[in-house]
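Encoded as structure tokens, the structure appears first; notes follow it.
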Amino acid sequence: MASNYQLGYDDERFESMVDQNFHCLICYNVLKDPVMCRRNQHYFCRGCITEHLRTNSHTCPTCADELSVETFAEVPRIVKNYLDERKIRCDHYDRGCRELVQLQNLKRHVAECGFTPVVCGNQGCES
């Protein structure tokens, strides 16, 4: 499947195992921005299911129920709470950041992380 969209989080990034019930049924990674089909409550990363609907069909890939971006249901609060409390490695772990933060704080940490790559503004820089 094309990867122009964001897949879920790799299991290896988490401090401890994340229960399989909290994995996307498309990318099989830990759910990122989860949504579900309303009838049978199958969970997907928003990016994964949006891409599936755009490129494949307008049905849930698990139960074949009619599905569209407009009919996504929010996942139950307990799912969000469970995921938010998991400790995850920084996006810049491979660059040297060893921080483990709760998933709910990841975006803020990454925005302030000292290991974030910088873009060279000097004339002649490659990137």
Side-chain angles (χ1 to χ4, degrees):
M1 193 176 267
S3 58
N4 316 6
Y5 61 99
Q6 296 202 346
L7 299 173
Y9 300 102
D10 289 330
D11 281 297
E12 297 79 37
R13 289 188 60 191
F14 290 86
E15 179 180 46
S16 58
M17 287 290 293
V18 176
D19 188 290
Q20 287 299 307
N21 290 309
F22 299 93
H23 285 70
C24 176
L25 295 170
I26 295 175
C27 72
Y28 303 110
N29 288 327
V30 176
L31 292 163
K32 180 183 242 178
D33 192 14
V35 293
M36 67 180 185
C37 80
R38 61 180 180 239
R39 182 178 297 168
N40 294 305
Q41 299 181 356
H42 296 120
Y43 300 154
F44 308 98
C45 302
R46 184 179 300 273
C48 292
I49 191 63
T50 300
E51 184 69 8
H52 166 81
L53 294 174
R54 188 182 72 74
T55 59
N56 296 314
S57 71
H58 294 287
T59 59
C60 172
T62 305
C63 67
D65 195 27
E66 185 95 7
L67 189 62
S68 71
V69 172
E70 294 78 26
T71 61
F72 290 157
E74 291 296 316
V75 296
R77 169 72 44 206
I78 194 165
V79 172
K80 289 181 182 181
N81 289 348
Y82 174 85
L83 291 169
D84 281 347
E85 292 170 359
R86 304 285 64 87
K87 287 203 171 183
I88 188 169
R89 288 180 179 79
C90 175
D91 291 358
H92 305 299
Y93 179 81
D94 60 343
R95 297 180 57 83
C97 182
R98 297 298 177 245
E99 288 289 321
L100 272 170
V101 297
Q102 285 186 324
L103 186 55
Q104 66 188 344
N105 299 324
L106 181 62
K107 189 182 243 181
R108 180 179 23 191
H109 168 77
V110 169
E112 300 168 353
C113 181
F115 290 89
T116 302
V118 293
V119 177
C120 177
N122 296 329
Q123 193 170 17
C125 280
E126 296 288 323
S127 52

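The figures here come from the full heavy-atom set of this structure, side chains too, leaving out hydrogens, waters and symmetry mates. Worth saying up front: this structure is predicted, and the values here are computed from it rather than measured.
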Subject >> Value rounded to 0.5 Å, distance of SG in Cys24 from CZ in Arg46 >> reply: 12.5 Å
Original post:
Met17, Tyr43: one ILVMFWY side-chain cluster at the under-4.5 Å cut-off?
Top reply: no
**OP:** Mark yes or no for whether Asp10, through its side chain, and Glu12, through its backbone, hold a donor-acceptor pair below 3.5 Å.
**Re:** no
**OP:** State, yes or no, whether a side-chain contact exists between Asn29 and Cys45 at a heavy-atom distance under 4.5 Å.
**Re:** no
Subject >> Pairwise distance OG1(Thr62) to CD1(Ile49) - rounded to 0.5 angstrom >> reply: 7.5 Å
Original post:
Can you get from Val30 to Met36 by hopping between Ile, Leu, Val, Met, Phe, Trp and Tyr side chains that sit under 4.5 Å apart?
Top reply: yes
Original post:
How long is the gap from CD on Gln102 to CG on Leu83, to the nearest 0.5 Å?
Top reply: 12.0 Å
Original post:
Is the charged tip of Arg89 near the ring of Tyr93: under 6.0 Å from the six-membered ring centre and within 45° of its axis?
Top reply: yes
**OP:** Looking only at non-hydrogen atoms, find the nearest pair between Cys60 and Phe44 and report the distance.
**Re:** SG-CZ, 3.7 Å
**OP:** Check for a donor-acceptor pair, side chain of Arg95 on one end and backbone N or O of Phe115 on the other, with a separation under 3.5 Å.
**Re:** yes
Original post:
Should Val75 and Phe72 be regarded as members of a common hydrophobic cluster, given that ILVMFWY residues are connected when their side-chain heavy atoms come within less than 4.5 Å of each other, either directly or indirectly?
Top reply: no
Original post:
Should the pair Phe14 and Tyr9 be assigned to parallel (<30°), tilted (30 to 60°) or perpendicular (>60°) ring geometry?
Top reply: perpendicular
Original post:
If every non-hydrogen atom of Arg13 is compared with every non-hydrogen atom of Cys90, which pair is closest and at what distance?
Top reply: NH2-C, 3.5 Å
Original post:
Should Leu31 and Ile26 be regarded as members of a common hydrophobic cluster, given that ILVMFWY residues are connected when their side-chain heavy atoms come within less than 4.5 Å of each other, either directly or indirectly?
Top reply: no
Subject >> Reported NE2-to-OG1 distance for the pair His52 and Thr55, which is rounded to 0.5 angstrom >> reply: 7.5 Å
Original post:
Out of curiosity, Arg86 CZ to Leu100 CG, how far, rounded to the nearest 0.5 Å?
Top reply: 12.5 Å
Subject >> Distance in Å, Asp65 CG paired with Arg38 CZ, rounded so as to fall on 0.5 Å steps >> reply: 6.0 Å
Original post:
Hey, is the main chain of Val110 close enough, under 3.5 Å, to the side chain of Thr116 for a donor-acceptor pair?
Top reply: yes
Original post:
Should we say atom CZ of Arg98 is surrounded by more than 12 heavy atoms from elsewhere, each under 6.0 Å from it?
Top reply: yes
**OP:** Give a yes or no on whether Phe22 and Leu106 share a hydrophobic cluster (residues Ile, Leu, Val, Met, Phe, Trp, Tyr; joining criterion: side-chain heavy atoms under 4.5 Å apart).
**Re:** yes
Original post:
Who passes side-chain contact (heavy atoms from CB on, under 4.5 Å) against Ser68, sequence neighbours left out?
Top reply: Glu70, Thr71
Subject >> Residue Lys87 excluded, over 12 heavy atoms near NZ under 6.0 Å >> reply: no
**OP:** Measure the shortest side-chain to side-chain distance between Glu99 and Cys113 over non-hydrogen atoms and say whether it is less than 4.5 angstrom.
**Re:** no
**OP:** Identify the two heavy atoms, one from His23 and one from Asp19, that lie closest to each other, and give their separation to 0.1 Å.
**Re:** ND1-O, 3.1 Å
Subject >> Non-hydrogen atoms of Cys37 and Asn40 that approach each other most closely >> reply: SG-N, 3.8 Å
**OP:** Say whether His109 and Asn105, considering side chains only, have a donor N or O and an acceptor N or O under 3.5 Å apart.
**Re:** no
